[in-house]
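One structure is given here, and the rest of the page talks about it.
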2 protein chains.
Amino acid sequence: MKREETRERNRRALLDAALRIVARDGHQARLDEIAGQAGLSTGAVYSLFGSKDGLLTALAADYLGPQYDEIERAVPAGLDLVAAVEAFARYYRRKCDDPDALRGLSLQASMLDTAARDPDLGSRLAASVRAHEERLVALFTGRPHNGNMVTPQQAQRLATALRALFAGLSQGVLAGLAPGADEQYFAEAARALVSGASLLDQHAAPLPSGRRLTRRPTRRPPA
Amino acid sequence: MKREETRERNRRALLDAALRIVARDGHQARLDEIAGQAGLSTGAVYSLFGSKDGLLTALAADYLGPQYDEIERAVPAGLDLVAAVEAFARYYRRKCDDPDALRGLSLQASMLDTAARDPDLGSRLAASVRAHEERLVALFTGRPHNGNMVTPQQAQRLATALRALFAGLSQGVLAGLAPGADEQYFAEAARALVSGASLLDQHAAPLPSGRRLTRRPTRRPPA
DNA sequence: ATAACCTCGTTACTATAGTAATATGATTAT
DNA sequence: ATAATCATATTACTATAGTAACGAGGTTAT
């Protein structure tokens with residue numbers, strides 16, 4: 001079975017070359033440069049991955065694992081739910097400061113576009129993401145919160161909302177739509193989702209006629 | 001001043017043609033078809049908008065207005081904050097069911113990519129979005145909540161988080177990452193941000209040793 | 001063992017975004 | 001009024017993604 005073997009070798013060679021070049025150029029990486037570094041011609045990409053998007057999708061799926069490794073390191077076991085969610089939030093916000101976060105955003109955008117336009121690649125991508133998301137669910141499941149333990153169902157609901165919130169906020173920060181969204185803001189927004197604290201608690205103002213809040217503000221972290 | 005006049009006329013002609021064709025083909029719309037329908041050649045696009053992305057960005061900026069008109073219609077005055085936020089959430093979720101929501105997602109992705117790659121277009125886009133976002137802030141400012149009125153600062157914080165959350169959730173729904181995120185879920189997630197309710201309230205399970213929740217669940221809408 | 005076949009990568013081609021040089025016609029200065 | 005200049009669209013070209021026909025060499029059936 002030498003045929004299958006060379007196929008696999010070529011596949012790997014393309015993915016490895018693509019990783020290097022995509023890390024540098026994002027989704028604008030040129031196919032002939034990738035194929036050249038893999039010792040192949042651009043046609044091989046179409047034979048093995050169907051399209052440039054197919055190659056990038058496979059690459060993305062390959063690198064979701066390390067991505068979630070990093071998240072798990074950022075959210076240590078032993079924290080209760082609120083603390084874990086805050087740690088997650090701060091991790092996400094810090095990643096926006098990474099010098100090549102913009103390239104990451106561009107890649108993410110092209111993945112989104114691929115998913116929107118190519119149902120096949122889209123569902124393959126979605127499957128990878130969902131598979132890895134189980135790790136996120138596991139990361140929250142069982143943590144104490146309000147005297148209870150987080151159930152897998154709760155963790156699932158939470159993971160969906162948190163990923164959405166952070167994805168949206170990161171996009172906002174990087175695209176310049178949300179200039180004020182600092183680490184503190186990420187943490188407060190995330191905490192609002194899980195705890196009884198609202199995003200608004202810290203900035204309330206009385207009605208003109210002046211009855212005070214019924215809810216007292218949660219702890220005000222140091223400015 | 002006939003020069004400026006024809007320039008403006010050509011600009012409009014390109015935008016009008018682009019609107020038709022982009023509505024059909026998304027960001028894959030072909031430049032020569034757009035230019036052809038405008039009675040111009042593709043070079044005119046580069047002369048007037050600098051690039052295809054420039055044309056699409058201008059188009060997007062043009063159509064943010066109607067977008068926000070629709071939002072304002074979906075969130076009537078007179079609702080308190082929680083109800084307004086829920087209405088907003090449900091509007092956003094319903095838009096995911098639109099038959100050409102996927103084309104919208106693809107366009108949104110390409111705008112994101114443009115913002116990530118071209119600082120100039122990115123900041124122009126961000127400026128348009130922020131300008132229109134003031135309407136969103138105004139939409140929430142002054143509504144009653146917990147016996148107070150929402151301040152502009154609170155509304156700003158809220159608008160940032162809501163847009164991020166809905167953008168992320170919509171992307172998730174359309175890309176197949178968040179299959180369970182129905183209208184109800186959108187509404188609950190949004191409510192969690194503003195009110196004391198947590199996303200987890202409805203799905204709590206007791207600890208093995210069994211102390212109950214300290215917080216009682218908020219109203220459970222009919223299934 | 002040999003012939004038919006199938007898989008996969010290459011080569012040559014097409015389509016489209018973008019660039020550079022050019023031409024045309026408006027604006028401005030003399 | 002006429003010439004110089006500038007702005008803007010066109011034309012011809014380049015670069016790159018994608019397609020289709022082809023061919024080499026591994027695979028399978030007799």
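Within every chain, numbering begins at 1; the chains are lettered A, B, ... in the order of the sequence lines, protein sequences first and strands thereafter. All heavy atoms count here, side chains included; hydrogens, waters and symmetry mates do not.
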Polar atoms only, N or O, under 3.5 Å: list the protein pairs with nucleotides 3-5 of chain D and their distances.
none

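- With sequence neighbours excluded, the residues forming a side-chain hydrogen bond (donor to acceptor under 3.5 Å, both in side chains) with A/Glu33 are A/Arg24, listed by chain and number.
- Contacts of A/Gln37 classified as side-chain hydrogen bond (donor to acceptor under 3.5 Å, both in side chains), with partners at least two apart in sequence or in another chain: A/Arg20.
- In this view, A/Ala155 and A/Val137, A/Phe140, A/Thr141, A/Val150 satisfy the side chain to side chain contact (heavy atoms under 4.5 Å, CB included) rule, not counting sequence neighbours.
- Judged as a salt bridge (Lys or Arg N to Asp or Glu O under 4.0 Å), the pairs with a partner in residues 41-55 of chain A (not counting sequence neighbours) are, in order, A/Asp53-A/Arg117.
- With axes fitted over five pairs at each extremity, the angle between the ends of the helix from C/dA1-D/dT30 to C/dT30-D/dA1 is 0° (10° resolution).
- Under the salt bridge (Lys or Arg N to Asp or Glu O under 4.0 Å) criterion, the residue pairs touching residues 161-174 of chain B are B/Glu133-B/Arg163, with sequence neighbours excluded.
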Base contacts versus sugar-phosphate-only contacts with protein, heavy atoms under 4.0 Å: please encode nucleotides 18-25 of chain D as B, S and - from 5' to 3'.
BB-----B
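- With sequence neighbours left out, B/Tyr63 forms a ring-ring contact (aromatic ring centres under 6.0 Å, His included) with no residue at all.
- Comparing D/dA9, C/dC8, D/dA17 by their nearest atom to the side chain of A/Arg7 picks out C/dC8.
- Taking atom CD of residue B/Glu4 and atom C1' of nucleotide D/dA9, one finds them 17 Å apart after rounding to whole Å.
- Atom C1' of nucleotide C/dT14 and atom CG of B/Asp32 are separated by 13 Å, given to the nearest angstrom.
- Taken residue by residue, residues 33-41 of chain A places heavy atoms nearer than 4.0 Å to DNA chain C at A/Leu40, A/Ser41.
- Rounding to whole angstrom units, CD of residue A/Glu5 and P of C/dC8 are separated by 14 Å.
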Criterion salt bridge (Lys or Arg N to Asp or Glu O under 4.0 Å) on A/Asp62 and A/Arg12, from CA distance to verdict:
CA-CA 11 Å; A/Asp62 253 31; A/Arg12 279 282 19 131; 3.4 Å; yes
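- Listed by chain and residue number, B/Arg90, B/Arg93, B/Arg94 satisfy the side chain to side chain contact (heavy atoms under 4.5 Å, CB included) test with B/Glu183 (two or more places apart in sequence, or in another chain).
- Every residue meeting the side-chain hydrogen bond (donor to acceptor under 3.5 Å, both in side chains) condition with A/Tyr91, not counting sequence neighbours, appears here in chain and number order: A/Glu70.
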